[in-house]
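A short write-up of the structure that comes next.
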Number of protein chains: 2
Amino acid sequence: MADTFVNNPSFFKLDATLKKLRNYWQKMFDSRQMDITVDQWLLVENLYKHKKTTHNELARNTSKDITTVSRIIELLVKKGLVKREADTYDRRKVYLQLTPDGTEKYKQVKPLVHEMRKTGWKSLTEADYAELTRILDTIYSNIPTKV
Amino acid sequence: MADTFVNNPSFFKLDATLKKLRNYWQKMFDSRQMDITVDQWLLVENLYKHKKTTHNELARNTSKDITTVSRIIELLVKKGLVKREADTYDRRKVYLQLTPDGTEKYKQVKPLVHEMRKTGWKSLTEADYAELTRILDTIYSNIPTKV
DNA sequence: TAGCAATAGTTGTTATAGCAACTATTTTGC
DNA sequence: GCAAAATAGTTGCTATAACAACTATTGCTA
């Protein structure tokens with residue numbers, strides 16, 4: 001790849017796009033009184049799909065640090081959207097699942113998220129989506145895990 | 001765009017890629033004793049390019065909140081990399097610029113950043129870069145600023 | 001089987017992100 | 001010219017991010 005590209009701010013563009021997306025989502029959540037943050041939503045969505053999971057799995061599924069998951073879950077438990085349940089056989093493990101209120105919250109927020117995703121992809125094609133996916137996946141796999 | 005795509009986790013993929021990039025950069029900075037964070041670097045890089053600027057301009061240029069810029073600058077001033085200078089005519093304004101140590105830091109970190117950017121783009125072409133830019137710009141402009 | 005390593009999760013600390021509220025100036029509009 | 005609006009920046013607060021250190025439990029191995 002030509003040297004000029006190395007100076008191009010792809011990091012910056014990724015960051016700027018994600019920040020604008022995140023702000024848009026949060027403002028929409030707030031204006032609709034959804035009473036939830038973007039990252040709390042991402043965990044709720046994941047818990048809805050997996051029904052019953054652990055902090056560790058949730059962290060892997062959402063690309064979040066386990067400490068971050070632990071603290072967000074703490075907030076969701078306080079809000080009554082998630083409940084913790086100890087594993088009978090392995091007392092280190094704690095299973096997480098949505099409460100009925102949590103499931104209700106998911107169903108309430110979901111259509112809004114659906115609309116926002118459509119808004120973001122307006123005027124883009126399925127080929128564009130595939131391209132973005134391919135390029136981001138390539139960058140992701142290019143990055144060493146250990147330094 | 002087909003409905004299935006609305007359910008695809010582009011937000012998640014952007015977030016995961018950026019997080020891995022950011023972690024990689026930070027670990028490389030740490031292992032080379034650069035004594036700087038990724039976001040501190042982004043401000044230093046911007047100050048090197050613009051020589052003399054204000055908090056507000058810096059915030060616009062870096063897609064950061066002005067409060068965030070204010071606090072990162074505070075850290076950079078404490079490290080002796082940036083100095084503040086009041087405007088003579090408009091006493092609300094504060095100009096920011098790199099100190100000699102700040103310029104030195106820029107020159108020290110720059111080659112590493114150059115290498116890391118090359119690593120991220122490994123096996124991608126200039127056309128890929130153009131595609132990514134186009135798609136991210138489209139998403140960016142699709143997002144309403146007001147909700 | 002005793003001791004050590006690995007696993008699951010929490011807590012402490014520092015940094016970034018962003019909203020609201022605030023001070024201090026400067027500009028605008030009547 | 002003066003009050004209100006706009007601008008520049010800081011401070012308070014809450015949330016997310018990640019590393020290090022910690023507790024508790026389970027698995028492994030000599």
Side-chain angles (χ1 to χ4, degrees), chain A residues 11-12 15-16 18-31 35-43 53-60 62-79 82 84-96 145-147, chain B residues 11-12 15-16 18-31 35-43 53-60 62-79 82 84-96 145-147:
Chain A
F11 185 102
F12 170 75
D15 186 51
L18 188 62
K19 225 174 264 178
K20 193 166 177 190
L21 266 173
R22 187 179 289 275
N23 285 353
Y24 170 56
W25 282 41
Q26 191 61 59
K27 279 182 181 153
M28 290 289 273
F29 285 170
D30 292 346
S31 74
D35 187 34
I36 198 168
T37 67
V38 173
D39 294 282
Q40 285 167 22
W41 162 254
L42 293 174
L43 293 202
T53 184
T54 63
H55 290 75
N56 246 319
E57 283 178 340
L58 203 46
R60 273 198 304 276
T62 56
S63 255
K64 289 183 184 304
D65 195 271
I66 188 177
T67 60
T68 301
V69 168
S70 185
R71 284 170 171 125
I72 298 177
I73 288 296
E74 182 63 30
L75 292 176
L76 291 174
V77 168
K78 275 185 188 151
K79 281 184 176 175
V82 168
R84 296 194 182 99
E85 194 184 342
D87 186 307
T88 320
Y89 303 106
D90 187 340
R91 287 192 293 167
R92 294 169 303 182
K93 273 193 184 173
V94 179
Y95 289 111
L96 303 169
T145 303
K146 294 274 179 204
V147 299
Chain B
F11 185 102
F12 170 74
D15 188 51
L18 188 61
K19 225 174 266 177
K20 194 165 176 192
L21 265 173
R22 185 181 291 276
N23 287 352
Y24 169 55
W25 282 41
Q26 190 62 59
K27 277 181 182 151
M28 290 288 274
F29 284 170
D30 291 348
S31 74
D35 186 34
I36 198 167
T37 68
V38 173
D39 294 281
Q40 285 167 20
W41 162 255
L42 294 174
L43 293 203
T53 184
T54 63
H55 290 75
N56 245 319
E57 283 178 339
L58 203 47
R60 274 198 304 275
T62 56
S63 255
K64 289 184 183 304
D65 195 271
I66 187 176
T67 61
T68 301
V69 167
S70 184
R71 281 169 174 128
I72 298 178
I73 288 296
E74 182 63 29
L75 293 176
L76 291 175
V77 168
K78 273 184 191 152
K79 281 184 176 176
V82 168
R84 296 194 182 100
E85 193 185 341
D87 185 306
T88 318
Y89 302 107
D90 185 340
R91 288 192 293 167
R92 292 169 305 182
K93 274 193 182 171
V94 179
Y95 288 112
L96 303 169
T145 302
K146 294 274 176 201
V147 301

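Per chain, numbering begins at 1; letters A, B, ... match sequence-line order.
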Notebook entry, point to check: Over how many whole Å does the gap from B:Leu43 atom CG to C:dT16 atom P extend?
Noted result: 8 Å
Notebook entry, point to check: Roughly how far apart are B:Leu96 CG and B:Ile73 CD1, rounded to 0.5 Å?
Noted result: 5.0 Å
Next item on the list: Please list, chain by chain and in numerical order, all residues satisfying side-chain contact (heavy atoms from CB on, under 4.5 Å) with A:Ser31, sequence neighbours excluded.
Entry: B:Val147
Check: Going through the checks in order, is the side chain to side chain contact (heavy atoms under 4.5 Å, CB included) test met by A:Val38 and A:Phe29?
Finding: CA-CA 8 Å; A:Val38 173; A:Phe29 285 170; 4.3 Å; yes
Margin query: Measuring to OP1 and OP2 of D:dG9, would you say a side-chain N or O of B:Ser70 lies under 4.0 angstrom away?
Written below: no
Next item on the list: Please state how far atom CH2 in A:Trp25 lies from atom P in D:dT16, giving the value in whole angstrom units.
Entry: 15 Å
Protein and nucleotides 1-7 of chain C: nitrogen or oxygen contacts under 3.5 angstrom:
unit_1: C:dT7; atom_1: O2; unit_2: A:Arg92; atom_2: NH1; d: 2.8

Check: What distance separates B:Arg60 CZ from B:Ile66 CD1, expressed to the nearest 0.5 Å?
Finding: 9.0 Å
Checklist line | Between P of D:dG9 and CZ of B:Arg84, the distance in whole Å | finding: 10 Å
Note to self: Run the side-chain contact (heavy atoms from CB on, under 4.5 Å) test against A:Thr54 and tell me which residues pass, sequence neighbours left out.
What the structure shows: A:Asn56, A:Glu57, A:Lys93, A:Tyr95
Next item on the list: Not counting sequence neighbours, list each pair that qualifies as a salt bridge (Lys or Arg N to Asp or Glu O under 4.0 Å) and has a residue in residues 68-79 of chain B.
Entry: B:Glu74-B:Arg84
Note to self: Distance check needed: C:dT14 P versus B:Glu74 CD, whole Å only.
What the structure shows: 16 Å
Margin query: The criterion is salt bridge (Lys or Arg N to Asp or Glu O under 4.0 Å); which residues satisfy it with A:Lys27, sequence neighbours excluded?
Written below: none
Next item on the list: Looking only at side-chain atoms of B:Leu75, point me to the closest of D:dT16, D:dT10, C:dT16.
Entry: C:dT16
Next item on the list: Have a look at A:Val38 and say if it touches a base, only the backbone sugar-phosphate, or nothing, with a 4.0 Å heavy-atom cut-off.
Entry: nothing
Note to self: Please enumerate all residues that pass salt bridge (Lys or Arg N to Asp or Glu O under 4.0 Å) together with B:Asp87, with sequence neighbours excluded.
What the structure shows: none
Check: Is the shortest side-chain N/O distance from B:Gln40 to OP1 or OP2 of C:dT16 below 4.0 Å?
Finding: yes
Next item on the list: List for me each residue that meets side-chain contact (heavy atoms from CB on, under 4.5 Å) alongside A:Asp15, sequence neighbours excluded, and say none if there are none.
Entry: A:Lys19, B:Leu18, B:Arg22
Next item on the list: Encode nucleotides 17-23 of chain C as B, S and - characters from 5' to 3', where the letter depends on protein heavy atoms closer than 4.0 Å: B to the base, S only to sugar-phosphate, - to neither.
Entry: BBBB---
Check: So what does A:Tyr89 hit on the nucleic acid, given a heavy-atom distance under 4.0 Å: a base, only sugar-phosphate, or nothing?
Finding: sugar-phosphate
Margin query: Nearest heavy atom decides the nucleotide; on that basis, is A:Glu57 or B:Arg91 closer to the 5' end of DNA chain C?
Written below: A:Glu57
Item checked: Whole angstrom value for the distance that separates C1' of C:dA15 from CG of B:Asp35 -> 14 Å
Check: B:Gln26 CD to D:dA20 C1': how many Å, rounded?
Finding: 15 Å
Notebook entry, point to check: Atom CG of A:Leu18 and atom C1' of C:dT16: how far apart are they, to the nearest Å?
Noted result: 13 Å
Next item on the list: Look at the side-chain N and O atoms of B:Thr37 and state whether any lies under 4.0 Å from the OP1 or OP2 oxygen of C:dA15.
Entry: no
Notebook entry, point to check: Once you round it to whole Å, what is the distance between P of D:dA24 and CG of A:Asp87?
Noted result: 19 Å
Next item on the list: Give the nucleotide from the list C:dT25, D:dT10, D:dT25 with an atom nearest to the side chain of B:Asp90.
Entry: C:dT25
Notebook entry, point to check: Hey, is the side chain of A:His55 poking within less than 4.0 Å of OP1 or OP2 on C:dA8, counting only N and O atoms?
Noted result: no
Next item on the list: Under the side-chain contact (heavy atoms from CB on, under 4.5 Å) rule, collect the residues that match up with A:Ile72, sequence neighbours excluded.
Entry: A:Asp39, A:Gln40, A:Leu43, A:Lys64, A:Thr68, A:Leu76
